[in-house]
Visitor: 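Here it is, the structure, as structure tokens.
Note that these values count all heavy atoms, side chains included, but never hydrogens, waters or copies made by symmetry. Lettering of chains follows the sequences in order, A, B, ..., and the numbering in each one begins at 1.
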Amino acid sequence: MSAPDAFYITTPIYYVNDVPHIGHAYTTLACDAIARFMRLDGRRVHFLTGTDEHGQKVEKAAREAGMDPKAFTDRVSERFRELVRVMDYSPDDFIRTTEDRHVRAVQALWTRMAENGWIYLGKYAGWYSVRDEAYYAESELVDGRAPTGAPVEWVEEPSYFFRLSAFRDRLLRLYAERPDFVGPATRFNEVVSFVRQGLQDLSISRTTFRWGVPVPGDPDHVIYVWVDALTNYISALGYPDVDGELFRTFWPADVHVIGKDILRFHAVYWPAFLLAADLEPPRRVFAHGWWTNEGQKISKSLGNVIDPHALVRRYGLDQTRYYLLREVPFGQDGDFRHESMVRRINHELANDYGNLVQRVLTMIRRYCDGRVPAPGELAADDEALLARAHGCLDAMRRHMREQALHRALDEVFEVIGEANRYVDAQAPWTLRRRDPKRAATVLWTLAETIRHLAILTRPFMPASSARILDLLAVPAAERDFRALGPGGRTLRPGTALPEPTPVFPRHREEPA
RNA sequence: GGCGGAGUAGCUCAGCGGUAGAGCAGCGGAAUCAUAAUCCGUGGGUCGGGGGUUCGAAUCCCUCCUCCGCUACCA
């Protein structure tokens, strides 16, 4: 059982045969926001991402590139590390399936499952297409050919099998006991109904290629993809050293965030493997949706693949992070639209949030000599606004617990709206002449509210939030969630503030 | 075919037994501290169709229509 203050979150490991695209960027971004949130909330976080580097396709791609597979994966894995830097992700570890620590863990897991009697040697048979390098199910064939039109042949090869069929009832019990094991709920239903209909044993070794982890005691076999890939979640914790610090602290994982295409592997196979090896299943698996591009399905052949680097260049990093997390309820499919991206950047970030900061800080500069004003007695309106700011964290916590990132952001923007209304209602530009002390109190209340907002948006927009906190001269040590609320810190009256400059510029169309 | 989900304002969606809502877009107004940014006002939509339960249904039940997801070893 993991430590109570620990929080372990993972992305899938990404297959290196692919170039990083918006799908990869999105999954890791969501994890990053959650990981940052939990860290600021005082949790001991372990945030893992990495690359999946074994398999026939990689072996072949390396051969075609005239490279040794290891040298090849060293190179392509770097593209995913680069994405980490460009998107400002904050992983605590980056695992590669070609690392010794991983290979050791996979073989140990295999050995344990074998010792427990869950693995047996059998024969894998199916329709194989040499051209596609893939097996097809009988039901997939079209007129005796692969769906791709490629000819297929009946192939049998010796293979080790995992007794997945034996785990049906244990899995169903797991689901029954933990209705939040899979999110969103609709995915949970899919998983349950899949398992309910019965499970077949799983072929978990291959003899048709070499680039993988050898089966312990039978080096003719390579351990097949999913056993290899899924194990990354524990090999990164030092498995098989289950008494080690990392493993004891962080396993079971709090949440595996994945794309909906690999749900079954995570919600069915993975817990079965773990149970087979006497390990605890993860606490939760959350499957998010896919992006379309301007209403169109994204595909290489359509040429409408979205490159995260291009988004960052065009719209800005925090703008991109914000849009991706706010536009779509996390878990659902979403449509990427330039028009709505611009609308959110200009209306929500520039006008609502950025301009709130700018108008308040400008008034403080002009009316209060550029120093944090000293509040007098707080009026009911002031208390009301502060109460909203103070209460925001708890609301966000509730949403973050269930990976409702969009809702967490909604909460922040509710407070931003409230603050803008308060500015208009109080009209400090009028008060400053009639009642300067009252004006100071109003501006202090606003500055405090903005301090809360900036700390609360740190997980989502780290750099911009830091800039706002800089403008408020908030010390680095007072930027986590302990600094929030009635029991937290406050701005110190008299502190000199730097000259404010806009944090979220409006998006202007680049010249044609 | 089976299981699951969805059909509510121009668009995206919330509401899930008690006189139809939010955001965006549109229209009108106020303000002028601010990145011409803000604020206020403004919504006659058969809540997919039909039937039923109920004092009362978008909300429960039945049925039909349409759309989507899952229905095994494609990284």
Side-chain angles (χ1 to χ4, degrees), chain A residues 12-18 51-58 97 124 126 129 132-137 139-140 146-148 159 161-162 164 184-204 206 224-229 259-265 268-269 287 289 327-329 332-335 337 339-340 343-344 346-367 407 410 413-414 416-417 419-432 439 442-443 446 500-508:
Chain A
I13 46 174
Y14 302 118
Y15 200 53
V16 291
N17 210 31
D18 210 352
T51 45
D52 181 8
E53 309 187 3
H54 287 134
Q56 193 165 18
K57 282 188 186 168
V58 170
T97 56
Y124 181 52
S129 158
D132 298 344
E133 293 185 339
Y135 281 91
Y136 293 100
S139 58
E140 286 182 291
T148 57
S159 167
F161 281 81
F162 173 70
L164 181 64
T186 172
R187 301 289 166 210
F188 179 81
N189 293 338
E190 286 178 14
V191 168
V192 173
S193 76
F194 174 79
V195 173
R196 201 172 270 149
Q197 72 181 14
L199 298 167
Q200 296 170 20
D201 290 347
L202 210 58
S203 165
I204 53 168
R206 283 296 129 87
Y224 194 48
V225 285
W226 283 105
V227 176
D228 180 346
K260 62 183 182 180
D261 57 324
I262 53 176
L263 175 60
R264 183 190 313 143
F265 306 103
V268 181
Y269 300 173
E327 176 73 3
V328 178
Q332 293 186 195
D333 289 346
D335 185 26
R337 290 198 120 89
E339 189 190 331
S340 81
R343 192 165 45 225
R344 287 192 184 276
N346 287 347
H347 291 212
E348 294 167 9
L349 292 181
N351 295 356
D352 293 340
Y353 191 13
N355 186 58
L356 169 69
V357 173
Q358 187 66 16
R359 68 199 299 208
V360 169
L361 290 179
T362 302
M363 284 189 276
I364 289 177
R365 184 152 197 91
R366 287 176 47 188
Y367 310 161
R407 288 232 170 93
D410 284 347
F413 276 77
E414 283 294 317
I416 289 171
N420 271 319
R421 280 186 283 279
Y422 172 89
V423 175
D424 281 343
Q426 302 299 325
W429 51 90
T430 306
L431 282 178
R432 65 178 289 220
V442 166
L443 289 173
L446 282 164
T501 52
V503 174
F504 295 107
R506 296 178 65 76
H507 178 84
R508 300 184 198 286

Visitor: How far does the P atom of B:rG44 sit from the matching atom of B:rC62, given to the nearest Å?
Guide: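 Result for the P pair: 34 Å, nearest Å.
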
Visitor: Using atom types as modelled and distance alone, determine if a side-chain donor or acceptor of A:N420 lies under 3.5 Å from a backbone N or O of A:D352.
Guide: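 Yes, because the side chain of A:N420 sits within donor-acceptor range (under 3.5 Å) of the backbone of A:D352.
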
Visitor: To the nearest Å, how far apart are A:R421 CZ and B:rU38 C1'?
Guide: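 So the CZ-C1' distance, A:R421 to B:rU38, works out to 11 Å.
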
Visitor: In whole Å, I'd like the distance from the CG atom of A:L263 to the P atom of B:rC74.
Guide: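 It works out to 16 Å between those atoms.
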
Visitor: Under the criterion side-chain contact (heavy atoms from CB on, under 4.5 Å), I'd like the reasoning laid out for A:Y269 against A:V227: C-alpha separation, chi angles, the key distance, then a yes or no.
Guide: CA-CA 9 Å; A:Y269 300 173; A:V227 176; over 6 Å; no

Visitor: Any sub-3.5 Å donor-acceptor pair from A:T97's side-chain atoms to A:E53's backbone N or O?
Guide: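 Here the side-chain-to-backbone pair exists.
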
Visitor: For B:rG15 and B:rG23, measure between their C1' atoms and round to the nearest Å.
Guide: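 That atom pair is separated by 15 Å.
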
Visitor: Could you walk me through whether A:L446 and A:V423 pass the side-chain contact (heavy atoms from CB on, under 4.5 Å) check?
Guide: CA-CA 8 Å; A:L446 282 164; A:V423 175; 3.6 Å; yes

Visitor: Consider the side chain of A:Q332, meaning its heavy atoms from C-beta on, and name the nucleotide among B:rC13, B:rU35, B:rA37 that approaches it most closely.
Guide: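 For A:Q332, the side-chain atoms sit closest to B:rC13.
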
Visitor: In whole Å, what separates the C1' atom of B:rU8 from that of B:rA58?
Guide: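 To the nearest whole Å, 7 Å.
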
Visitor: Taking the C1' atom of each, how far is B:rC47 from B:rU19, in whole Å?
Guide: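 After rounding to an integer number of Å, I get 15 Å for this pair.
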
Visitor: I'd like the C1' distance from B:rU42 over to B:rU32, given in whole Å.
Guide: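 Per the computed distance, 23 Å lies between those C1' atoms.
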
Visitor: Just how far, in rounded Å, is P of B:rC11 from CG of A:D335?
Guide: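 That distance rounds to 15 Å.
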
Visitor: Assess whether atom CZ of A:R365 is packed by more than 12 heavy atoms of other residues, nucleotides or ligands within 6.0 Å.
Guide: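 For A:R365, atom CZ is crowded (more than 12 foreign heavy atoms under 6.0 Å).
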
Visitor: Hey, what are the protein-to-nucleotides 68-70 of chain B N/O distances that come in under 3.5 Å?
Guide:
residue	atom	partner	partner atom	Å
B:rG69	O2'	A:R187	NH1	3.0
B:rG69	O2'	A:E190	OE2	2.5
B:rC70	O4'	A:E190	OE1	3.4

Visitor: Does A:G55 reach a base, just sugar-phosphate, or nothing at all? Heavy atoms under 4.0 Å.
Guide: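 Nothing, no nucleic acid heavy atom in range.
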
Visitor: Verify whether one side chain among A:H507 and A:N346 offers a donor that lies under 3.5 Å from an acceptor in the other.
Guide: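 No - no donor-acceptor pair under 3.5 Å links their side chains.
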
Visitor: Let me know, please, whether A:Q197 or A:V225 comes out on the 5' side of the other along RNA chain B by nearest nucleotide.
Guide: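 Closest to the 5' end, via its nearest nucleotide, is A:Q197.
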
Visitor: Remember a base hit wins even if backbone is also touched, and classify A:R343 as base, sugar-phosphate or nothing at under 4.0 Å, heavy atoms.
Guide: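 Answer is sugar-phosphate: A:R343 comes under 4.0 Å of backbone atoms only.
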
Visitor: A:F413 and A:E348: which non-hydrogen atoms are nearest, and at how many Å?
Guide: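 Heavy atoms of A:F413 and A:E348 come nearest at CE2-O, 3.3 Å.
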
Visitor: Would you please test A:I13 and A:T51 for side-chain contact (heavy atoms from CB on, under 4.5 Å) and show each step?
Guide: CA-CA 4 Å; A:I13 46 174; A:T51 45; 5.6 Å; no

Visitor: Using whole Å, what does the distance between atom P of nucleotide B:rA37 and atom CZ of A:R506 come to?
Guide: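 Between P of B:rA37 and CZ of A:R506: 4 Å.
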
Visitor: Please find the pair of heavy atoms, one from A:S159 and one from A:Y124, that lie closest to each other, and give the distance.
Guide: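 Taking A:S159 first and A:Y124 second, the nearest heavy atoms are CB-CB, 3.6 Å.
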
Visitor: With C1' as the reference atom in both, quote the distance from B:rC55 to B:rC60 in angstrom, rounded to an integer.
Guide: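 Here B:rC55 and B:rC60 have their C1' atoms 16 Å from each other.
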
Visitor: Distance between the P atoms of B:rC16 and B:rG21, in whole angstroms?
Guide: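 It comes out at 15 Å once rounded to the nearest Å.
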
Visitor: Over all heavy atoms of both residues, which pair between A:V442 and A:Y422 is shortest? Give the atoms and the distance, please.
Guide: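 Smallest heavy-atom distance, with atoms named: CA-OH, 3.5 Å.
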
Visitor: Which part of the nucleic acid, if any, lies within contact of A:Y224, taking any heavy atom under 4.0 Å across all strands shown: a base, the sugar-phosphate backbone alone, or nothing?
Guide: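 Touches sugar-phosphate only.
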
Visitor: Looking at B:rA72, B:rC13, B:rC24, which one has an atom nearest to any side-chain atom of A:H347?
Guide: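 Selected nucleotide (nearest to the side chain): B:rC24.
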
Visitor: Note every stem involving RNA chain B: at least three consecutive Watson-Crick or G-U wobble pairs, i with j then i+1 with j-1, with both distances under 3.5 Å.
Guide: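 Output for stems: B:1-7 with B:65-71, B:10-13 with B:21-24, B:26-30 with B:38-42, B:48-52 with B:60-64.
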
Visitor: Can you work out whether A:V16 or A:N346 has the more 5'-proximal nearest nucleotide on RNA chain B?
Guide: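 It is A:N346 whose nearest nucleotide is closer to the 5' end.
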
Visitor: Between atom CD in A:E327 and atom P in B:rC11, what is the gap in whole Å?
Guide: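 Taking atom P of B:rC11 as the reference, CD of A:E327 is at 16 Å.
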
Visitor: List the atom of A:A419, the atom of A:L356, and the distance in Å for their closest heavy-atom pair.
Guide: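 Closest approach of A:A419 to A:L356: CB-CD2, 3.7 Å.
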
Visitor: In whole angstrom, what separates A:I416's CD1 from B:rA37's C1'?
Guide: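 Result: 14 Å.
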
Visitor: Does the pair A:R359/A:D424 count as a salt bridge with the N-to-O cut at 4.0 Å?
Guide: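 The answer is yes: the pair qualifies as a salt bridge.
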
Visitor: Check this one for me: any side-chain N or O of A:N351 less than 4.0 Å away from OP1 or OP2 of B:rU38?
Guide: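 Answer yes for this pair, as a side-chain N or O of A:N351 is under 4.0 Å from OP1 or OP2.
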
Visitor: Taking all heavy atoms of A:A287 and all of A:R187, pick out the closest pair and write down the distance.
Guide: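 Residues A:A287 and A:R187, closest heavy atoms: CB-CG, 4.3 Å.
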
Visitor: Find the distance A:R337:CZ to B:rC24:C1' and express it as a whole number of Å.
Guide: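 Those two atoms, CZ and C1', are 13 Å apart.
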
Visitor: Expressed as a whole number of Å, how far does the C1' atom of B:rG1 sit from that of B:rG43?
Guide: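 It works out to 44 Å between them.
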
Visitor: Which whole-number value in Å describes the distance from A:F162 CZ to B:rC73 C1'?
Guide: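 Distance check: A:F162 CZ to B:rC73 C1' gives 13 Å.
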
Visitor: Which is true for A:G198 with a 4.0 Å heavy-atom rule: it touches a base, it touches only sugar-phosphate, or it touches nothing?
Guide: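 Base contact - A:G198 has a heavy atom under 4.0 Å of at least one base atom.
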
Visitor: Are any protein N/O atoms closer than 3.5 Å to N/O atoms in nucleotides 29-34 of chain B? If there are, list each pair with its distance.
Guide:
residue	atom	partner	partner atom	Å
B:rC33	O4'	A:Y367	OH	3.4
B:rC33	O3'	A:R366	NH1	3.2
B:rC33	O2	A:R359	NE	3.1
B:rC33	N3	A:R359	NE	3.3
B:rC33	N3	A:R359	NH2	2.5
B:rC33	N4	A:R359	NH2	3.1
B:rA34	OP1	A:R366	NH1	2.8
B:rA34	O2'	A:N355	OD1	2.5
B:rA34	N3	A:N355	ND2	2.9
B:rA34	N3	A:R359	NE	3.3

